[in-house]
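Report on the following structure.
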Amino acid sequence: MQGAVREHLQSIEACGAEGVLVKWPKDLETLDALILPGGESTAMRRLIDRYGMMQPLRDFAESGKPMFGTCAGLILLAKTVVGYEEPHLGVMDVAVERNSFGRQVDSFEAPLEIKGLDGAFDAVFIRAPHIVSAGPSAEVLCVHDGRIVMAKSGQFLGCSFHPELTEDHRITAYFLSMIPSRSGFPLPN
Amino acid sequence: MSEQGTDRVKRGMAEMQKGGVIMDVVNAEQARIAEAAGATAVMALERVPSDIRRDGGVARMADPRITEEVMRTVSIPVMAKARIGHIVEARILEAMGVDYIDESEVLTPADEEFHLLKNQYTVPFVCGCRNLGEAARRIGEGASMLRTKGEPGTGNIVEAVRHLRQVNAEVRKVITMSEDELMTEARNLGASYEFLKEVKRLGRLPVVNFAAGGVATPADAALMMELGADGVFVGSGIFKSDNPERFARAIVEATTHYQDYKLIAELSKDLGIAMKGIEISTIAAGERMQERGW
């Protein structure tokens with residue numbers, strides 16, 4: 001609906017899968033998996049409510065299909081958002097804090113060691129959230145500077161940074177391998 | 001190990017704004033309305049462009065107190081305007097921690113010859129442009145985001161359309177040119193050869209480009225998206241309308257669903273009166289903000 005949509009689509013296509021834009025509930029029907037991109041979570045939330053997307057998104061999550069949230073997308077997925085009474089979708093077993101690295105002047109890039117990937121991943125953090133705590137069902141995939149920045153919980157994958165802003169498609173490939181029919185596809189190097 | 005203020009971090013911030021609406025606000029209350037309506041960022045300033053135009057005099061960076069109040073009030077990014085070439089206003093805004101600086105022709109220029117060397121700052125900048133050459137020069141100085149200039153504070157979309165069409169037509173031309181034609185085109189546009197090679201390689205501008213300067217209705221916002229803008233800035237259009245809340249929401253939704261004309265028709269019903277607007281030919285040449293900067 002808003003944010004770095006084009007970059008995710010390019011990354012999906014670079015991994016040999018087909019990407020489609022989702023703006024309406026009916027767009028969810030044909031999908032195997034869904035990425036919630038980076039952008040502004042408050043703006044996205046308003047559009048989700050306005051266009052009746054909340055229940056269809058929760059149903060999608062309920063169906064067991066993989067969902068991946070980057071930055072604002074992670075905030076939308078999380079069960080708890082620190083400082084807010086209600087979560088957004090509230091489906092992923094993590095608690096996140098918004099803008100937890102500071103304002104834009106504090107935004108940064110850094111090489112990360114991520115479980116399951118060989119070699120460092122150059123990650124771009126923009127007014128990024130971080131995962132304050134991961135529930136028992138969640139597996140922590142990456143910690144940076146003492147903060148959890150990537151985790152997986154069941155069919156949900158979330159990260160604080162923006163893999164779509166780099167030319168490294170390994171995280172998209174990792175996510176696509178969570179689709180049952182694509183499991184076992186080798187990750188690109 | 002970690003690095004701040006890199007091109008990827010500064011340009012990436014603008015990528016996150018795509019498909020969104022950035023709204024001018026002059027106080028915390030307006031910022032709250034903008035955020036609730038779904039703005040992806042707010043631009044804090046002392047007077048909206050139409051008031052600057054009406055009042056005349058020198059327009060400067062806003063009182064830091066206004067900007068700070070806005071920063072405290074909303075969780076979305078806060079942008080603020082510095083005068084063209086005003087190094088110290090820009091450094092003040094950076095020190096205050098604003099998320100983006102607009103080196104803006106809406107304010108009275110501090111320097112009629114030199115723009116800021118924006119790649120010296122950690123904070124990212126957005127700049128106005130009317131054509132690809134101007135876009136190239138601003139990016140060359142380190143701008144991380146562009147907006148076509150339009151004619152601010154008029155509520156008249158005609159200049160915004162002209163500038164967005166111009167930039168996009170020149171981008172398309174560069175993409176279709178053969179490599180051996182690019183150097184001449186670089187000379188003609190006043191753009192660097194390396195920049196044009198990058199545009200050709202990418203098939204687009206290397207940074208996000210929003211439309212600005214005259215958006216007054218949901219249909220105006222959708223028009224700019226239709227013409228290829230990555231998003232829109234709305235200055236006077238919201239808080240100079242009869243019903244800012246409704247205008248703000250309708251402009252956000254029309255920007256997201258810019259090709260859904262039935263929806264835009266619904267959004268446009270009974271909105272009340274849009275800002276009055278000014279016919280461009282009635283503005284004296286010396287008062288056209290778009291002529292500021294080069």
Side-chain angles (χ1 to χ4, degrees), chain A residues 1-8 10 21 23-24 37-51 53 70-73 75 81 83-84 97-99 101-113 120 122-129 144-145 161-167, chain B residues 1-23 34-42 71 74-79 93-101 121-124 144 204 208 230-231 248-250 252-253 255-260 263 267:
Chain A
M1 306 194 111
Q2 187 273 314
V5 177
R6 179 182 67 204
E7 290 73 13
H8 272 298
Q10 284 166 352
L21 276 175
K23 281 194 177 185
W24 297 99
E40 286 304 322
S41 60
T42 51
M44 290 180 186
R45 174 58 193 270
R46 215 200 95 65
L47 292 167
I48 285 171
D49 288 346
R50 179 70 179 81
Y51 292 98
M53 289 289 280
T70 63
C71 195
I75 294 166
V81 183
Y84 294 79
E97 185 181 344
R98 294 184 63 202
N99 299 337
F101 291 89
R103 303 194 71 95
Q104 172 60 20
V105 287
D106 307 305
S107 295
F108 61 97
E109 50 182 289
L112 302 180
E113 293 299 328
D122 254 338
V124 183
F125 290 81
I126 294 170
R127 290 169 41 91
H144 174 74
D145 221 0
F161 50 92
H162 294 281
E164 72 277 14
L165 291 182
T166 59
E167 304 282 307
Chain B
M1 285 289 266
S2 82
E3 213 182 337
Q4 295 168 339
T6 62
D7 273 355
R8 275 208 295 216
V9 166
K10 295 200 285 189
R11 292 178 178 188
M13 153 86 208
E15 300 284 347
M16 298 309 136
Q17 294 284 314
K18 280 189 303 194
V21 180
I22 300 170
M23 301 182 190
E35 184 176 47
T40 49
V42 290
M71 287 166 66
V74 295
S75 66
I76 54 177
V78 175
M79 303 184 169
L93 293 171
E94 181 178 53
M96 287 169 59
V98 306
D99 296 299
Y100 238 89
I101 297 177
Y121 296 71
T122 305
V123 66
S144 308
R204 57 176 171 79
V208 166
D230 289 318
R249 286 199 300 264
V252 167
E253 290 170 31
T255 303
T256 308
H257 297 291
Y258 64 93
Q259 286 178 320
D260 192 328
L263 174 74
L267 295 172

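Convention: sequence-line order gives letters A, B, ...; per-chain numbering from 1.
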Among [options], single out the residue with the greatest number of heavy-atom pairs under 4.5 Å to chain A.
| options | result |
| --- | --- |
| B:Val21, B:Val123, B:Val78, B:Thr6 | B:Thr6 |
| B:Gly20, B:Gly5, B:Pro124 | B:Pro124 |
| B:Met16, B:Gln4, B:Glu94 | B:Met16 |

Relative to chain A, which segment of B:Thr255 carries a heavy atom at a distance below 4.5 Å: side chain, backbone, both, or neither? neither
Contacting region of B:Ala36 [heavy-atom separation from chain A under 4.5 Å]: backbone
Could you tell me which residues satisfy side-chain hydrogen bond (donor to acceptor under 3.5 Å, both in side chains) with A:Tyr51, sequence neighbours excluded, listed by chain and number? B:Glu253
Less than 4.5 Å to any heavy atom of chain B: does that hold for the side chain of [X], its backbone, both, or neither?
| X | result |
| --- | --- |
| A:Arg103 | both |
| A:Ser41 | neither |
| A:Leu47 | side chain |
| A:Val105 | both |

Sort out for me which of A:Ile126, A:Thr166, A:Asp145 touches chain B most, counting heavy-atom pairs under 4.5 Å. A:Ile126
Interface check, chain B: of A:His144, A:Arg45, A:Arg6, most non-hydrogen pairs under 4.5 Å belong to A:Arg6
So, the side chain of B:Glu35 versus the backbone of B:Thr40: is there a donor-acceptor pair under 3.5 Å, distance only? no
Without swapping roles, check the side chain of A:Asn99 against the backbone of A:Gly102 for a donor-acceptor pair under 3.5 Å. no
A:Gln2 and its side-chain contact (heavy atoms from CB on, under 4.5 Å) partner, picked from A:Lys23, A:Glu40, A:Arg46: A:Glu40
Output yes when B:Glu15 and B:Arg8 qualify as a salt bridge under the 4.0 Å nitrogen-oxygen rule, no when they do not. no
Donor + acceptor pair across side chains of A:Ser107, A:Gln104 (<3.5 Å): yes
Under the rule for side chain to side chain contact (heavy atoms under 4.5 Å, CB included), what residues qualify as partners of B:Ala34, not counting sequence neighbours? B:Met23, B:Val25, B:Ala39, B:Val42
B:Met13 to B:Tyr100 - nearest heavy-atom pair and separation: CG-CE1, 3.1 Å
